[in-house]
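What follows is a single structure, written as structure tokens, with notes after it.
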Amino acid sequence: QVQLIESGGGLVQPGDSLRLSCAASGGTFSDYAMGWFRQAPGKNRDFVGGISRSGSSTYYSDSMKGRVTISRDNAKNTVYLQMSSLGPEDTAVYSCAAKKGLVSSVLYDYWGQGTQVTVSS
């Protein structure tokens, strides 16, 4: 059983950058591809991007490509989501997820509780 805990969310201003972290425990971190998702109020959860088990491959949604970078540190059991040029439309709960196998936008097995990101002036 893998436990995931996100951190780094908060209130930021439009145009700001923010880095979220997701710490994993309870499994062999490098066995899992990791993904980031977000859910805005009243909307479905959307895939933001993912990273392969080794970190050599990343995969981003078209909506955020160019503004986000996902990385991981397998020695620290942590995956990161770096976001830039944030706008109010990026306000959402951001969650990380883990799956065995190849990175993709679907079929994740374990989920964190999420961290709130609010973009407002």
Side-chain angles (χ1 to χ4, degrees):
Q1 187 79 10
V2 176
Q3 292 83 43
L4 303 171
I5 300 176
E6 301 91 342
S7 62
L11 174 64
V12 298
Q13 294 190 338
D16 281 356
S17 298
L18 189 67
R19 188 178 81 158
L20 306 181
S21 300
C22 170
S25 62
T28 301
F29 185 61
S30 58
D31 284 348
Y32 295 89
M34 301 298 295
W36 282 97
F37 295 79
R38 68 179 185 178
Q39 186 166 20
K43 295 188 177 182
N44 294 329
R45 183 169 58 198
D46 290 331
F47 175 71
V48 173
I51 188 165
S52 63
R53 289 170 291 175
S54 68
S56 60
S57 298
T58 51
Y59 172 37
Y60 300 108
S61 69
D62 289 340
S63 63
M64 296 200 74
K65 194 177 294 183
R67 295 197 297 123
V68 298
T69 302
I70 296 175
S71 61
R72 67 190 293 163
D73 186 337
N74 285 348
K76 294 183 178 180
N77 292 351
T78 302
V79 61
Y80 305 97
L81 175 66
Q82 177 72 47
M83 302 183 286
S84 62
S85 302
L86 288 166
E89 67 279 7
D90 296 313
T91 294
V93 174
Y94 286 74
S95 300
C96 65
K99 63 175 292 187
K100 289 205 170 182
L102 299 177
V103 61
S104 72
S105 61
V106 295
L107 300 178
Y108 282 78
D109 301 307
Y110 303 101
W111 294 84
Q113 293 295 315
T115 184
Q116 176 71 46
V117 173
T118 302
V119 185
S120 176
S121 55

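Values below: all heavy atoms of this structure, side chains included; hydrogens, waters and symmetry mates excluded.
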| field | S120 and T118 side chains, donor-acceptor separation under 3.5 Å | value | no
| How about T115 and L20: do any of their side-chain heavy atoms sit closer than 4.5 Å? | yes
| Under a single-linkage definition using a 4.5 Å side-chain heavy-atom cutoff for Ile, Leu, Val, Met, Phe, Trp and Tyr, are W36 and L86 assigned to the same hydrophobic cluster? | yes
| message | Using a 3.5 Å distance criterion without hydrogens, assess whether the side chain of R53 forms a donor-acceptor pair with backbone atoms of Y32. | response | no
| field | Linked, directly or transitively: V93 and V119 (ILVMFWY side chains, under 4.5 Å) | value | no
| field | Inter-residue atom distance Y80.OH - T69.OG1, 0.5 Å rounding | value | 14.0 Å
| At their closest point, which heavy atom of V117 faces which heavy atom of M83, and how far apart are they? | CG2-CE, 4.4 Å
| field | Spatial distance of atom CG (L11) from atom OG (S121) [nearest 0.5 Å] | value | 9.5 Å
| remark: When V2, V79, T78 are each screened for side chain to side chain contact (heavy atoms under 4.5 Å, CB included) with F29, the one that passes is V79
| field | Any side-chain heavy-atom pair of S105 and Y59 under 4.5 Å | value | yes
| Crowding at CG, L102 (>12 non-hydrogen neighbours, <6.0 Å) | no
| Atom of S17, atom of S85 and distance for their closest heavy-atom approach | OG-N, 4.3 Å
| task | Check M34 against R72 and note the closest heavy-atom contact, atom names and distance. | result | CG-NH1, 3.7 Å
| Sub-3.5 Å donor-acceptor pair from the side chain of E6 to the main-chain atoms of G114, do we have one? | yes
| Nearest 0.5 Å, what's the OG-CG distance between S63 and D46? | 6.5 Å
| query | In chain order, what residues pass the salt bridge (charged side-chain N to carboxylate O under 4.0 Å, His left out) check against R38, with sequence neighbours excluded? | reply | D90
| field | S104 versus V106, closest heavy-atom pair with distance | value | OG-O, 2.9 Å
| task | Identify whether V68 and Y94 are in the same connected component of the hydrophobic contact network (ILVMFWY, side-chain heavy atoms under 4.5 Å). | result | yes
| Full working for side chain to side chain donor-acceptor pair (under 3.5 Å) between T28 and S30 | CA-CA 6 Å; T28 301; S30 58; over 6 Å; no
| side chain to side chain contact (heavy atoms under 4.5 Å, CB included) assessment of Y108 paired with V103 | CA-CA 9 Å; Y108 282 78; V103 61; 3.8 Å; yes
| note | In short, I70 meets G49 closest at the heavy-atom pair CD1-C, 3.1 Å
| request: Mind checking the CD-OG spacing from Q1 to S25? Nearest 0.5 Å is all I need. | output: 10.0 Å
| Is it true that atom CD of Q113 has more than 12 heavy atoms of other residues, nucleotides or ligands lying nearer than 6.0 Å? | no
| note | For L18 and V12, the nearest pair of non-hydrogen atoms, with its separation, is CD1-CG1, 3.9 Å
| Rounded to the nearest 0.5 Å, how far does CD1 of I51 lie from OG of S71? | 6.0 Å
| request: Evaluate the criterion ring pair (Phe, Tyr, Trp, His ring centres under 6.0 Å) for residue pair Y60 and F47; output intermediate values, then yes/no. | output: CA-CA 8 Å; Y60 300 108; F47 175 71; 8.6 Å; no
| So, W111 versus F37, ring centres under 6.0 angstrom or not? | yes
